[in-house]
Amino acid sequence: MTVNTQSLIKLFRSVLPAKSVISDRAALRVYECDGLSAYRQVPRLVVLPDSIAQVQGIMAVCQEHAIPIVGRGGGTGLSGGALPHQDGIVLSLAKMNRVLEINRLGRTARVQPGVRNLAISEAVKSLGLYFAPDPSSQIACTIGGNVAENAGGVHCLKYGLTLHNILGLKVATMEGDLVDLGGESLDSPGFNLLSLMIGSEGMLGIVVEVTVKLLPIPKSAKVIMGVFDSVQCAGDSVAAIIGQGIIPAGIEMMDNPAIRAAEDFVKAGYPVDAQAMLLCELDGTHEEVDDQIRLVREILSANGAVESRLARNEEEKALFWSGRKAAFPAVGRISPDYYCIDGTIPRKSIGEVLTEIYRLSEQYQLRVANVFHAGDGNLHPLILYDANLPGEFEKTEELGSRILELCIRVGGTITGEHGVGVEKIGEMCIQFNDAERNQFHAVRKCFDPGQLLNPGKAIPTLARCAEHNAMHVHRGELPFPELERF
Ligand SMILES: Cc1cc2nc3c(=O)[nH]c(=O)nc-3n(C[C@H](O)[C@H](O)[C@H](O)COP(=O)(O)OP(=O)(O)OC[C@H]3O[C@@H](n4cnc5c(N)ncnc54)[C@H](O)[C@@H]3O)c2cc1C
């Protein structure tokens, strides 16, 4: 049944205070995109519940009148996951931002979905605890968005992604149920629906409460910088460190364009003539860390590092990290626009994949800077472009698509941590076959038969894939290229 917007406002006002229903066109524009600002759509309405009962009331109205719902946390997503639907509403969890309970002995916290990622660690710092997944956007992104995207971060190499640090979820479904998945302990009976929900991009339910695992803050953490005159040597070092059984808290890599941009911005003391740089953080007890630093130094030098620098104190450590953390805005200073790609490859392929990215960059005449979670093989090529030049965004998207196909070809995947959203929906046609994608649709319909939750995202239809294949034919390539190693 269709319902006009005025009637819809009245229906929402019966379950929410009037001020929590946004209908003014100028105010709605705030929600027209997420971090992937190349895609924009003003929603019909935005609703801001502050309780689980209000979320359920909103969902009941939408279920009855077949209104699409797009959940939204901090709106920092980079794949267009929170892009509004033209006929739908945005359900913002921004007001549900309280830490509800901290269990010091059990090392858990129960929080609302709109709590910012960093706010969890801040709330438990005095207890010597923290929440390990640390996306670079952690100052602004929410735990609900982290769950929906299965977010990662610098420290996920050692401590796991969001998936590995969530014990339980409370989820509101389109059919009006409030389900508890997982719990307070490591295992729970029944199918593992908790894992299914994490990374489901807001398409199976609205997360209304999260129980997170907390870890003790390590006694010692040191950072060593490896400097290289080839990306191949830097990539080989990453594979060698992990291959030797050392699991650093994080290993991040930057190539020359990223090093130069970051150094120019924050003056972190980076080697601007190097072709690549690694930042490797080791944590644990003082003895463990000192031992591992010695081993990592040896491995870096055996793999061609021209220099390795250990941060001498906390100030220098913060300085080393400052450039990496500011790398995205730093790249934003040297180009009118940039497009962040997110794909994962086996660690051993880092060198050859970066070399192929440089070749593609030449071919498309678009600059690319690479700054990424090297330990996870999680690439973030930043393609520099100018949206004001006609056709430049389309060219950028095509280059992004070629890079993701490259990731698949070497045995990797089209997402590392940013999700599929609208951005990578075409590449899903290559990563998965028709039968696999049909199974995804079938799973989705079990939770949301009317497909009202975040429609059009993450799982392409057969028609969408036919369109994607046609684009490949247009480029003179096979629609489904043989996935053999180049
Ligand atoms: C500068 C920058 C750096 C970044 N670095 C990283 C990084 O290191 N690692 C990383 O993983 N990501 C990174 N990101 C991407 C982004 O921050 C993450 O994907 C984050 O998890 C999104 O959280 P959010 O609260 O902003 O979610 P949003 O962008 O608001 O939403 C993301 C998705 O989650 C859904 N959603 C949100 N809340 C709920 C809910 N309560 N229930 C159900 N569905 C919901 C939305 O519908 C959407 O599909 C970065 C982004 C930026 C801008």
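Bear in mind the structure is a predicted one, so any value in this text is a computation, not a measurement.
In this structure, G375 and L157 approach most closely via the heavy-atom pair O-CD1, 3.5 Å. Taking all atoms of both residues into account, the shortest heavy-atom contact from Q54 to P17 is NE2-CD, 3.7 Å. The two residues P455 and L452 make their nearest non-hydrogen contact at CD-O, 3.3 Å. Contact detail for L91 and P49: the closest heavy-atom pair is CD2-CG, 3.8 Å. Looking at every heavy atom in both residues, A458 comes nearest to P460 through O-CD, 3.6 Å. The heavy-atom pair separating F372 from N378 by the smallest distance is CB-O, 3.0 Å.
Side-chain contact between Y385 and K395: absent, with no pair of heavy atoms (C-beta onward) separated by less than 4.5 Å. Using a 4.5 Å cut-off on side-chain heavy atoms (C-beta onward), Q439 and F432 make no contact. Residues L453 and I206 meet the side-chain proximity criterion, which asks for heavy atoms closer than 4.5 Å. Annotation: side chain of T344 is not in contact with side chain of D376 (no heavy-atom distance under 4.5 Å). Considering only heavy atoms from C-beta on, V70 comes within 4.5 Å of N454 through its side chain. Looking at heavy atoms from C-beta onward, Y358 lies out of side-chain contact with V368 at the 4.5 angstrom threshold. E417 is not listed as a side-chain neighbour of P135, based on a closest heavy-atom distance of 4.5 Å or more. Within the 4.5 Å cutoff, side-chain heavy atoms of Y159 are placed close to those of D283.
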Taking it one step at a time, do K317 and E314 satisfy salt bridge (charged side-chain N to carboxylate O under 4.0 Å, His left out)? CA-CA 5 Å; K317 188 170 102 182; E314 286 303 305; 3.4 Å; yes

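With a 6.0 Å radius and a threshold of 12 heavy atoms from other residues, nucleotides or ligands, E436 has its CD atom above the threshold. For K267, the NZ atom counts as densely surrounded, since its 6.0 Å shell holds more than 12 non-hydrogen atoms of other residues, nucleotides or ligands. Around CG of L127, the count of heavy atoms belonging to other residues, nucleotides or ligands within 6.0 Å exceeds 12. The 12-atom threshold is not exceeded at CZ of R29, counting heavy atoms of other residues, nucleotides or ligands nearer than 6.0 Å.
The closest side-chain donor-acceptor pair between H418 and E423, if any, does not fall under 3.5 angstrom. No side-chain donor from either of E252 and H380 sits under 3.5 Å from a side-chain acceptor of the other. Side-chain contact check for Q431 and T413: no donor-acceptor pair (N or O, by modelled atom type) lies under 3.5 Å. Side-chain N/O atoms of S20 and K95 include a donor and acceptor closer than 3.5 Å.
Salt bridge present: K424 and D342 bring a charged side-chain N and a carboxylate O closer than 4.0 Å.
To the nearest 0.5 Å, atom OG of residue S322 and atom NZ of residue K325 are 9.0 Å apart.
Checking each of N117, D134, T162 against N146 for a side chain to side chain donor-acceptor pair (under 3.5 Å) leaves exactly one that passes, namely N117.
Without hydrogens or angle criteria, K457 side chain to G81 main chain gives a donor-acceptor distance under 3.5 Å.
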